[in-house]
Amino acid sequence: MQQAERWESKIRTRTGATLATILRRLPSIWADRRRARRIAKGLPSFEGSVELPDEKTIYSWIEGICQTPHRRPGTPEGHKGEQWVAEKFREIGLENVTLDPIPITVWTPETWSLSVNGKKVPCFYVPNTAFTNPGGLSATLAYVGTGTPADFEKAAVAGKIAVADVTFPRMPTGALMRVMRACYVLSDPDGAVSMRTSQYLNFARQNFIGGCTAETAPDHDVYWQAFKRGAAGVCLILRDQPSNSNTHYGPYDGIMKPIPGLWIGKLDGARLRESARFGAKAVMVLEGASAPGVMRNVWGVLPGQSDETILVTSHHDSPFAGAVEDGAGVAQVQAQARAWSRVPKEKRPRTIVFVVDAGHFYGSQGAHQFARDHKEIMRKARILITLEHLAGKEVREAGEGYEETGRLALTVMFTSPEPSVIATVLKALEKRPARVTAPIPADFFGPAPTSDASGYVLEAGVPVISWIGCPYYLLDQHDTLDKIERSALVPIAGTVAEMVKLQMLMP
Ligand SMILES: [Zn+2]
C-alpha cells in the first residue's frame, strides 16, 4: 500500500487537538479571507446563461441511482450504479465516456448475529472483518472500555470476545463558525447555526479510525489492540451515535481485518456492557464469502476552447440506499454536466471532466486510482470541485431513531488556501447564497479534506473545493430518499454553476 492511501489514520479525531490547531490558524484564515475578498471584487463575469435542470429532474436522478438497497463496491448492485451513471453521461452527450476497472476483494456477508446467555442482541457487521466458522464463535465476553492500554491491562482478552465503546469527536460548530470565525464565510440566511450548535462527527471513530493494519495501528486503536492481545472477536458499541442505530458502515478503508467484528447500537450496548463486565458467554456469528472482483470509475469529458480542465466529481458507491451518500452528489454532478452541455462550446473557455468514482467505501481507492491513471488530466486540472451529501435534511436523536429538525444539514466546503480558490467560493456564495454552509480550510481535519476529494488532492496536489455535509444517518440504513430536501436541489446546483463560471474565466 502506498503511503498516500493510508492517510485516514492522520485525520485529527481529538476535539481538543483539532480546536488547538484551528485556533493557531485563525489569523491566517482571516488574512486569506481579506485577500480573497479583494480578488473576488475584481473577478470577471461570465457572459451568457447557464440553464439549470429543474428540481424534478435532479430528484429523478437521485431516485435513478438509488434503485438498489445498496451500491457496495464490486457487488451486482454496485455495478448497476456504475452503468446507470455511464448511461446518463452518454445521454447528456459527454465525450469519451469511460469505465476504468479497479481490482478489489469483494467481501460479502451473508448472516450475522450475537447471542448473550442465549438471548439475541441486535447487531450489524464491521465491514471487511474475518468470517467466523459456520455455527459461530463461542467465547466469554470481556469489557475493555474504549480500549486504551490501561483498559487492556485490566481485562485479559486472549481467546475472548472483546466488548468496547467506540467514540466520536463532538465539534462545537456554532462556536467555531460564529464566535471564532474559523471559516471564510458563513452562508446561513435562515440563521440555522447558533452559538450552541454542535455535532458529533460520526465518520471519525476516535479509537478505530481506519487506514491501519496490525503493524501501523496506534496504541488507542481498539480493534487492532484487541487483535494483538489475542481476542477472538470484537463487539463495538456505538456509544456516541445519536439513536440506537447499529448499521454503521465503517471503517471503509478496504483493509481486510483478521478477527470478526460487530457493531452494537448504544442502547443495546448499555446492556451488553453489563453482561461483558460479568464475563457472560456469547456466540458471535459472521458468515459470508470473499472473492476477487472489480469496481469502476466512470468519467466523461465536455471539451471547451482549451484543454485546461475543471474537474467535477463525486462517487457512486454507497453502503445502503445512499440517497444523501451519495445519490445527492452524483445528481449534482449530473446537473452540472447537463447544464454545461447546453452552453455552446465557444462560450466554454475550459474543458470540464466529470468523474463519478468508485470505492469511496473502499479506502477512496477510485479517486486515488483516477489521479494515478490520468496524470495528464490531473496536470491540466485547475480546480477540483467535489460534491457530496448535499441537500440532506438535518435530524436529531429521538428515542431509538431520528426525527427531522426541519432544517437542512450543515455542510462545509473544504477550500484550498489559494486566494483565487477562496475568492471563487466567496463570489459564488455572494451571488447564489447557500443554506447553511461554511467554506473552511481544506486541511481543517488533516492533510486533505475528509471527503472523496482526498485521493485527488493527495495524489496530484490539485486545488480543491470539496462541498460536503455530515448528517447523522450518513453511514447507516436510514439514508433513504425521504432525507433529501428537494427544495434545496436547484439552489445548490446554482451555487456550483457559479463556481464553475468563475473557474471558466479565472486568469
Ligand atoms: Zn460521499
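One-based numbering, in listed order, for ligands and for the atoms of each.
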Of the protein N/O/S atoms, how many lie under 2.8 Å from the Zn ion (ligand 1): 5

Sole residue of His360, His315, Arg71 in side chain to side chain donor-acceptor pair (under 3.5 Å) with Asp326: His315

Distance-only criterion, 3.5 Å: show the donor-acceptor pairs between side-chain atoms of residues 497-504 and protein atoms not counting sequence neighbours.
{"unit_1": "Glu498", "atom_1": "OE2", "unit_2": "Lys501", "atom_2": "NZ", "d": "3.0"}
{"unit_1": "Gln503", "atom_1": "NE2", "unit_2": "Thr424", "atom_2": "OG1", "d": "2.9"}

Derivation and outcome, ring pair (Phe, Tyr, Trp, His ring centres under 6.0 Å), residues Trp299 and Phe370: CA-CA 9 Å; Trp299 61 283; Phe370 184 90; 5.6 Å; yes

Charged N-O contact under 4.0 Å between Glu376 and Arg379: yes

Note: Arg25-Asp443 ion pair, threshold 4.0 Å (strictly below): yes

Side-chain heavy atoms of Cys470 within contact of Gln199, under 4.5 Å: yes

